[in-house]
Amino acid sequence: MTAQSGEPSEDLPEQMRIRREKRERMLARGVDPYPVEVERTHSLRQLREKYADLETDTRSGESVGITGRVRFIRNTGKLCFAKLVEGDGTEIQAMLSLAEIGEESLAEWKAEVDLGDHVFVHGEVITSKRGELSVLADGWRITSKALRPLPVAHKDLAEETRIRQRYVDLILRPQARDTVRNRAAVVRSLRDTFEEHGYIEVETPMLQALQGGASARPFVTHSNAFDMELFLRIAPELYLKRCVVGGIERVFEINRNFRNEGSDSSHQPEFAMLEFYQAYATYDTMADLTGELIRRAAERVFGTLTVTLADGTEYDLSGQWANLRMYDSLSEALGTEITPDTPAAKLREFADSAGLEFPAHYGHGKLVEELWEHHVGDHLHEPTFVRDMPAETSPLTRQHREDPRLAEKWDLYMRGVEIATGYSELVDPVIERERFEAQRLLAAQGDDEAMPLDEDFLRALEYGMPPSGGVGMGIDRLLMALTGLGIRETILFPQVRPE
RNA sequence: GCGCCGUUAGCUCAAUUGGCAGAGCAGCUGGCUCUUAACCAGCGGGUUCGGGGUUCGAGUCCCUGACGGCGCACCA
């Protein structure tokens, strides 16, 4: 957008109009409100560290040039104060004294500098009579004139505004900045742990001709070059397994998945997913590695295995994490033995008496999972692996070595939320093809989450995939578990409906 | 997608039974050389989310649309 004229619009709020007028006034004086470069000599953090011990009401004798956003301003007759803040939250006070900079410069400061402006201040490092580390200006200039007033600092911004205008949230709220740093540190820790375990990081297609690797509704897009429908991926699984076939025996990917479904306090249409696969590993191996990844991330980022959540409660990640078997724990919760042979009709009776309604096409496996989640999963607080799910709802999972009606699969729950899922992967191409055919039948019956048959993936398996373990872990949800924040806080810019 | 609640100044929020639309901070003018949400004096600032209706009179009641929050459903 280009301004057609310098005239402030008449319909702007008063405060925005006045700031535009101040900008115009600067231009009229020949002062650039957005200079390309200033003589910055130190970051605020550097000065804080260098002069941590400067006594109250002292002059250091050193001249510096500093920059920062004005977050607090106090103008008196002949002495002005401004609290400058830089990106990491470090603050240093600027002082402008009539005796140092003269009448004209002081008057311009008072007339033109507003809360929220970026400024450059040159002068001597001193401490004020109140002990505040300050730069006593002998010169200053605005480095970026803010045309919008910053919201008041003493009231919390409405949640919607925090999300829609995250940049304002980041300016105002230290915790918003911490969340960004913590997330980066957690991801870095995950990568380091993988590195130590000999894993290779890859990037696989996010635009896929076939949706696969999970049960979910995809976003659909169109390729002009190929004149074909493409899906935004719902999971990287089938490509990572192709990597294992090709000999990348320890492989992981951290990237976005897209699912065209509802969003709420724990779901977003695009979310960050970690998937990792390891040849000659089982779901037990993968559970151990998953625990290590999470514990090391917590220790590295928060310095402890007892993490403190946003509401002040503590959450303990230490010790041996609990293991439950799905059928055993569901049987216990219902007070009746549930086995892989329990008929779907019987399961529906339990659903009815719990007031749950499920679609007609749900079979035994889906009903067991739903009942388990309602009666057991939602109440799990401690980190818990739940293992050995129904085989039929895990089409890409190897059947259990002791009971073919079960899958060698676990879900990791933390604070009642599913954080990760691990498998002993199915690598038999013939059985895999049968599972895909069964999915095709489901699709024909109207299950719009059923996976289509991926002929190229089967071809890869037919070349031989070593026995392997695999895990998928939601990065956003891991952050939620470690911090107690909602998904809209762990994601910097969550999807929201346009204003 | 369904139900309930909400949307008022730049920000956070009030407004009795339908009866002059307010406060704090922010802003503007003046004063103040040590302020930290300073203080003192004064002044501005509103499409009460949009559209329609009832009424002498609507922020308030009715209809409708947009957006948001919560619950339910689906999902990780």
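Throughout, protein chains are lettered first and strands after them, A, B, ... in sequence-line order, and every chain is numbered starting at 1.
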Quiz item: Under 4.0 angstrom, heavy atoms only, what part of the nucleic acid is A:Lys155 near: base, sugar-phosphate, or nothing?
Solution: sugar-phosphate
Self-check item: Check: A:Arg69/A:His118 side-chain N/O donor and acceptor closer than 3.5 Å
Solution: yes
Exercise. Searching all strands shown, indicate the nucleotide that pairs with B:rC13 (Watson-Crick or G-U wobble; both distances under 3.5 Å).
Key: B:rG22
Practice problem: Write down the distance separating the P atoms in B:rC70 and B:rU64, rounded off to the nearest Å. | Solution: 25 Å
Quiz item: Across the strands shown, which category fits A:Arg488 at heavy-atom distances under 4.0 angstrom: base, sugar-phosphate, nothing?
Solution: sugar-phosphate
Quiz item: If the C1' atom of B:rG51 is compared with that of B:rA41, how far apart are they to the nearest Å?
Solution: 45 Å
Quiz prompt | Interatomic distance where CG belongs to A:Leu96 and P belongs to B:rU36 [whole Å] | solution = 17 Å
Quiz item: If we take the C1' atom in both B:rG27 and B:rG68, what is their distance in whole Å?
Solution: 28 Å
Quiz item: With sugar-phosphate meaning primed atoms plus P, OP1 and OP2, does A:Glu132 contact a base, only sugar-phosphate, or nothing at under 4.0 Å between heavy atoms?
Solution: base
Quiz item: Which part of the nucleic acid does A:Glu275 contact within heavy-atom distance under 4.0 Å: base, sugar-phosphate only, or nothing?
Solution: nothing
Self-check item: Exercise: identify the closest heavy-atom pair between A:Ile234 and A:Arg259
Solution: O-NH2, 2.7 Å
Self-check item: Spacing between A:Glu261 atom CD and B:rG1 atom C1', to the nearest angstrom
Solution: 14 Å
Quiz item: Are the side chain of A:Arg177 and the backbone N or O of A:Ile171 linked by a donor-acceptor pair below 3.5 Å?
Solution: yes
Exercise. Would you check if there is a donor-acceptor pair between the side chains of A:Tyr239 and A:Gln208 at a distance under 3.5 Å?
Key: no
Quiz item: Under 4.0 angstrom, heavy atoms only, what part of the nucleic acid is A:Met95 near: base, sugar-phosphate, or nothing?
Solution: base
Quiz item: Ring-on-base stacking between A:Phe72 and B:rA37, under 5.5 Å between centres and under 30° between planes: is it there?
Solution: no
Quiz item: Atom CD1 of A:Ile491 and atom P of B:rA76: how far apart are they, to the nearest Å?
Solution: 16 Å
Exercise. Identify which nucleotide among B:rU33, B:rA37, B:rA76 has an atom closest to any side-chain atom of A:Ile487, counting heavy atoms from C-beta outward.
Key: B:rA76
Quiz prompt | Audit row: A:Glu237, A:Lys241, salt bridge (Lys or Arg N to Asp or Glu O under 4.0 Å) steps and yes/no | solution = CA-CA 6 Å; A:Glu237 173 162 352; A:Lys241 285 179 171 172; 2.8 Å; yes
Quiz prompt | Sugar-phosphate, base or nothing in reach of A:Ala99, heavy atoms under 4.0 Å | solution = base
Quiz item: Whole-Å distance between B:rU47 P and A:Leu12 CG?
Solution: 12 Å
Quiz prompt | Gap in Å between the two P atoms, one belonging to B:rU48 and one to B:rG22, rounded | solution = 14 Å
Practice problem: Verify salt bridge (Lys or Arg N to Asp or Glu O under 4.0 Å) between A:Arg173 and A:Glu489, making sure each step is shown before the conclusion. | Solution: CA-CA 12 Å; A:Arg173 209 164 50 93; A:Glu489 301 299 332; 3.4 Å; yes
Quiz prompt | Side-chain H-bond candidate by donor/acceptor type, A:Glu275 with A:Tyr277, under 3.5 Å | solution = yes
Quiz item: How many Å lie between CD on A:Glu160 and C1' on B:rG6, as a whole number?
Solution: 11 Å
Self-check item: Same-atom distance (C1') from B:rC25 to B:rC61, integer angstrom
Solution: 34 Å
Quiz item: What distance, rounded to whole Å, do you find between the two P atoms, one in B:rU60 and one in B:rA9?
Solution: 15 Å
Self-check item: Counterpart residues, side-chain contact (heavy atoms from CB on, under 4.5 Å), relative to A:Ser63 (two or more places apart)
Solution: A:His122, A:Asp138
Practice problem: Could you check how far CZ of A:Arg17 sits from P of B:rA9, rounded to whole Å? | Solution: 17 Å
Exercise. Let me know, please, whether A:Ala82 or A:Pro151 comes out on the 5' side of the other along RNA chain B by nearest nucleotide.
Key: A:Pro151
Exercise. May I ask you to say what A:Asn75 touches in the nucleic acid, namely base, sugar-phosphate or nothing, with a heavy-atom cut-off under 4.0 Å?
Key: base
Practice problem: Over all heavy atoms of both residues, which pair between A:Gly470 and A:Glu425 is shortest? Give the atoms and the distance, please. | Solution: CA-OE2, 3.2 Å
Quiz item: Does B:rC5 have a Watson-Crick or wobble mate here (both distances under 3.5 Å), and if so which one?
Solution: B:rG68
Quiz item: Could you state the CD-P distance from A:Glu159 to B:rU12, rounded to the nearest angstrom?
Solution: 12 Å
Quiz item: Taking all atoms of both residues into account, what is the closest heavy-atom pair of A:Thr127 and A:Thr56, and its distance?
Solution: OG1-C, 3.3 Å
Practice problem: Look at the side chain of A:Ser97 and the base of B:rU33, then say whether one donor and one acceptor between them are separated by less than 3.5 Å. | Solution: yes
Show the distances under 3.5 angstrom between N or O atoms of the protein and N or O atoms of nucleotides 26-30 of chain B.
unit_1	atom_1	unit_2	atom_2	d
B:rA26	O2'	A:Gln15	OE1	3.2
B:rA26	N3	A:Gln15	NE2	2.8
B:rG27	O4'	A:Gln15	OE1	3.4
B:rC28	OP1	A:Lys22	NZ	2.6

Quiz item: Which value, in whole Å, describes the distance between the C1' atoms of nucleotides B:rA38 and B:rG24?
Solution: 15 Å
Exercise. Between A:Ala158 and A:Arg259, name the one whose nearest nucleotide on RNA chain B is closer to the 5' end.
Key: A:Ala158
Quiz item: In Watson-Crick or G-U wobble terms, both distances under 3.5 Å, what is the partner of B:rU36?
Solution: none
Quiz item: Expressed in angstrom and rounded to an integer, what is the separation of A:Gln93 atom CD from B:rU33 atom P?
Solution: 16 Å
Self-check item: Nucleotide opposite B:rC61 in a Watson-Crick or G-U pair, distances under 3.5 Å
Solution: B:rG53
Practice problem: Sticking with atom P, work out how far B:rC5 lies from B:rC63, rounded to a whole angstrom. | Solution: 12 Å
Exercise. With the side chain of A:Arg164 defined as its heavy atoms from C-beta on, choose the nearest nucleotide among B:rG10, B:rC67, B:rU36.
Key: B:rC67
Self-check item: From B:rC70, B:rA37, B:rG68, nucleotide with atom closest to A:Arg497 side chain
Solution: B:rG68
Exercise. For A:Tyr362, answer base if it contacts any base atom (sugar-phosphate contacts may also be present), sugar-phosphate if it contacts only those atoms, and nothing otherwise; contact means non-hydrogen atoms under 4.0 Å.
Key: sugar-phosphate
Self-check item: Out of B:rC74, B:rU12, B:rA38, whichever nucleotide has its closest atom nearest the side chain of A:Leu157
Solution: B:rU12
